[in-house]
Structure formats: structure tokens, C-alpha cells
Amino acid sequence: MELAFYQPWSKSQLREQAAVAKGHRQPTKVLSKGIILNAHTKRWEQGNIWIYQDRIIYVGDRLPRDLDQVELIDCSGDYLVPGYIEPHAHPFQLYNPSTLAAFGATGGTTTFVSDNLIFYMLLSDEHSFDIIERLNETPTSFFWWCRYDAQTKLQASPYSEDRIRRWLEHPNVIQGGELTSWPQVLHGDDQLLEWMQMTKRHGKRIEGHLPGASERTLIQMQLLGVDCDHEAMTAEEAWTRLNIGMTTSLRYSSIRPDLPVILKGLLEKGVENYHPLYMTTDGSTPYFYQQGLMDRTIEIALEQGVPAIEAYLMASHNIAIHYGLQHLVGSIAPGRIAHINILESKENPKPVSVLAKGEWVKKQHHTYYPASPIDFKKELGALAIGWELTEEMLTPKTTIGIDMTNAVITQPLELETLPAEDQLPEDLAYLTLIDVQGKWKVSTFVKGFAKMDGFASSFSSTGDLLLIGRKKASIVEAFRRLKEIKGGIVLVEEASCQAELKLPIRGWLSEQPMEVLAEEEQHFTTYLREKGYVFADPIYSLLFFSSTHLPYIRITQLGLVDVMRNRVIHPVEQLTVS
């Protein structure tokens, strides 16, 4: 078995670091007299931290003999904890990896384990690897997943054994999954099982995606290779995962803010061993993140009564151990990357100062995160639509529609007859998924999204366009505006644009800082709620209209799909566009 060992320093750098420890070279920074969380002994210990460039060299009572070229920071009375780790990031939820990293660092989240889905779907492997390696030139540490599936039905799958192998061989890729296609594995898909075994042969973890799974199913998936699951929605479900020895990631996200209830239930059950527990925000949308990232999860854990040291380790050291990264991140100890959060109080996990790779990204509440070395618009491209939409393209030819149960679950809707043109029942709207190149489309009806004239979104799980509304002319106008701004989400009422969210990076992502994007998202969502959207998160609704990892009916590149029976119930229609 290959070892998933990643070493970011050259031999000459290692020699310099050893020379600092011996006293033959000065550190670049020393944090003195701080109260340091020792993740290994689970104690608060007063001491000094020597840092050389991006690495922690020494933690203890001693100070260097010479301090004339050292940045010395007096941390008397401050609490020093490891930089927080987000173990399950989807860094493409309107924001991009750079804007997520810059925002996360202000709250002390300086390491991300991230989804590679968009890279895998849009770019060559060589181009993707170039980007993920350049991302690690930033103060943030990025690690990645290797997905096995796109969690939707695609006309041409980008997944192959050679590509899976190339991704798993990359040192920054530390896990396989998330395994949304687990039912196929369970029912005999040996290709997926081989990819899982390949992951194990490379010494890497597999993340499950097992909502509502019984103990029997969890055990089977564990036997087939799943190491961790983040889909527990209750304390009982989390307890079952812990009881069978599965690492359990507890979620606080914009569509599943379950963490407070789960922690309360686990504490009532008398949980004592926190080692196999950690926390995630699971790719929340920008406005939700105004609460914070991993700093907010720690805050919730403290509010529920989790012991302080355990709460901090659930957002750092426990994660590092699970992924075999404890030699790099997750603790304040010699040899680790210098990700350190400085707190005014151990009861408040929001740092006043943050070191990331030994550099200040926040100091006394002032942020200094550098500009990204990557222009994602240049790397991923812009959205170019070279065809025109007509009202005729929006006409459904099926009486089978989609009924929204909540933000992400959809039930089949059976209509007795096709409604007359623009004479829809009050609770229905037209819904079309159309190829971004205009080559095909799937048209149906949706119940429960919102009561609006026209709506167009280039943000979707397939990269195609979602068109919704009660008036075809207004849907066409929304499409026209979407084409004009080269990607985004547009809402039209009374033949004019009332709200829009610009996404100039491939029609999926914004260039705006997270704080600005959050305000834009809130404005758009507020208007959408005024038009009748009642569920948790409309951005996730758009993403999951096509996502076949959830029941029961989805609109995909193959047509309307019955998820439970894995069959197309209404196929795509080919188009000839001008």
C-alpha cells in the first residue's frame, strides 16, 4: 500500500528548520507567553512558539538566544489554538476557492479539504493540477477529493479509471468521494468498487454520503471501504455511526443546520470519546457563512456544553488525524505548518489574530489576506451563449412534473392533461433544463418553487441552464438578460428584470469577495421569498434539481429521471437553434 504522506518542504528547507531548532539560525517569529492548546496532551500550557517562515519549530518554555531579527509577539493572556480545518468544502457555491479561502481565514479556518467536481467536469487533469498547486501558494492549505461520480445523469461522463488514478496519485488529493453513488456500489457496481479499492491502495480515505442509511447499510458500506459519513441528521443517526466505529462528521450547513440538536443529543447519551467526531459546514451558501465557518461550529459546540478542548479539536486535530495529516496541520507542535489562531478567550473561538503558513492574514482584527494568484475567470472561462431562446422551446410534452417537498427533495407530480398555454394552475410553473449550447432540452412543470413570471439560472449541477416561470415571454426575457450579463441568476416580473446575481466565471461563480456576494445573495433570495419561495435555501434548490443522489424525480441531461428506479421517464428533446 502506498502511503498518503505529503511533505511540502525541500531538503534544504528542512536543514534550515533544523538549524533553527539547534539555535544556529534565528526564527522569523516568536509568539511568547501565550496559553497554548496542546492537542496531544489535551492541556492548556503557557509557553513560547518559535516559527521559521511557514513552519512551527519549537513549543515550550525556552526563548531563542538572539532575538535581534525576530518578530516577537507578546501573547500574554491570549489563548493560542490550531488553525481550523474545514473537512468537507464545496468551494464553488457561487463563491470560488480564492474568495472562500480569504473569507475563511478571517475567522481562523486556514485549511480546506475540497470537492474537485467543477475542475473534473470543465478542465483537463493537467490544468486542474496546475490550479490546485498554485492555490497552495496562498496562505491557506488546500487538499482535495477525488469524486467517483457527478451526482447527476450526464450525456457524456467525464469519469474513467485512468482519470481516477491520476487524481488519486496527486499528493494534494487525500480522499475519494463523496460517495453519492453508494446504492450502485451496494447493488453490484464493481467499477465503482474498484475505484474505492484503488483509493485504499493509495492509502487514502473514502467519504460516504449516506442520508437515512440503516445500521445494516452503514456496516455494508464500511466493509466496502467507507471511512466517514457526514449525513447524520439526528443524534441517533450519529450515535449509530459512532457505535460501529465510523468517523462521524457533524453538519451545520445552510440546508442542514443540524449540529446543535445532534450535539445536544450526543451529550444526553453520555458521549465521552470525541476523537472520531468532527464538524463541517458542508458547502454552505454565502449569506449563511456570515455567521462564520469552523469558528461558528466551535461556538455551537461550546454553547451545547462540549468541553472546550474537545470543541477545538473537533475543528482541527481530529480532522487531521482522520486524513493522516497530523504531521502537517491540526496542532501547535514542532514540524506543523504555522496555522495558529490567537484568541482573547477560550470561550470565544473567533480569533483576533490569525497566522496562516507563518504569515499574518489577520492581526488585531485587521485583515491582510493577499490577492489570489489565480484568475478563475481566465482559468474557467466565461459563459458564451450564441443562440436564441423561443417560447416554443419551453413547451412541455409530458404530464409528469416535479413537486418540491423541501429545498432539495422532489416528488413526482401527475397532471391529468397538459394545461393550455400560459393558463397554468396557480401553484405551477414551467421548468426547462436546456443545453448551454442549445442542442437539447427537457421541459416539464414544477410545483412549489415560487410564483414568478420568469427566471433563468446558469448555476446548476450540470452546467446547463434552468428556466422557470409562469409566463413564457418573461422566461425568454430572463434568458436574454442572462445571456447579456454572461451568466448568473435572473428574475423577471412584468417584463423587466427585478433581481439578478451575476456569475461571470463560467456562469457558476462570482468574482466578488464573500461579504459582497453574501449581500447580493441575500437581496436576491429576499426577492425570491417575496415571490413565494418558502424553503431553506433556493441556491441549493437550483443545484439539486438535477442531482440524482437524492429522491425522487430529477431533471437531467438524459431527461426526467425516476431516481429510485434509475430510469428515464421522459427523454430529452433535440433542438435546432439559430
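Owing to the predicted nature of the structure, the values given are computational and were not obtained by experimental measurement.
For S128, the side chain to side chain contact (heavy atoms under 4.5 Å, CB included) partners are F119, L123, W167, not counting sequence neighbours.
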Inset, instruction - Report the C-alpha separation of E303 and R296 in whole Å, then their side-chain angles, then the decisive distance to 0.1 Å, and conclude whether the salt bridge (charged side-chain N to carboxylate O under 4.0 Å, His left out) test is met. - result: CA-CA 10 Å; E303 290 167 357; R296 177 57 182 146; 3.4 Å; yes
Inset, instruction - Could you walk me through whether S254 and D537 pass side chain to side chain donor-acceptor pair (under 3.5 Å), step by step? - result: CA-CA 7 Å; S254 52; D537 192 328; 2.8 Å; yes
Inset, instruction - Evaluate the side chain to side chain donor-acceptor pair (under 3.5 Å) criterion for residues N38 and E45: first the C-alpha distance (whole Å), next the side-chain angles of each, then the deciding distance (0.1 Å), finally the verdict. - result: CA-CA 7 Å; N38 187 320; E45 301 171 346; 3.3 Å; yes
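Here the NE2-OG1 distance, from H90 to T281, works out to 9.0 Å after rounding to the nearest 0.5 Å.
For the pair Q222/I244, a side-chain contact is recorded, criterion being any heavy-atom separation below 4.5 Å from C-beta on. E207 places none of its side-chain heavy atoms less than 4.5 Å from the side chain of W145.
Although no hydrogens or angles enter the test, the distance criterion places a donor-acceptor pair under 3.5 Å between the side chain of Q13 and the main chain of S10. Side chain of Q46 to main chain of K33: a donor-acceptor pair is present (N/O by atom type, distance under 3.5 Å, no hydrogens or angles). In this structure, T248 contributes its side chain and M246 its backbone to a donor-acceptor pair below 3.5 Å. Although no hydrogens or angles enter the test, the distance criterion places no donor-acceptor pair under 3.5 Å between the side chain of W360 and the main chain of T367. At least one donor-acceptor pair under 3.5 Å links the side chain of S316 to the backbone N or O of Y312.
None of H322, H317, H230 except one satisfies the ring-ring contact (aromatic ring centres under 6.0 Å, His included) rule with Y278; the exception is H322. When Y540, Y252, Y95 are each tested for a ring-ring contact (aromatic ring centres under 6.0 Å, His included) with F288, only one passes: Y252.
Taking both residues in full, the closest heavy atoms of H170 and K204 are given as O-NZ, 2.9 Å, listed atom of the first, atom of the second, then distance.
More than 12 heavy atoms of other shown residues, nucleotides or ligands fall within 6.0 angstrom of atom CD in E133.
Between the side chains of S331 and H40, a donor-acceptor pair is found at a separation under 3.5 Å.
Between F544 and H549, the angle of the ring planes goes over 60°, which puts this pair in the perpendicular group of the 30/60° scheme. Ring geometry for W144 against F142 counts as parallel: the plane angle stays under 30°, on a 0 to 90° scale with 60° as the upper cut.
In this structure, W508 has its ring center no closer than 6.0 Å to that of F92.
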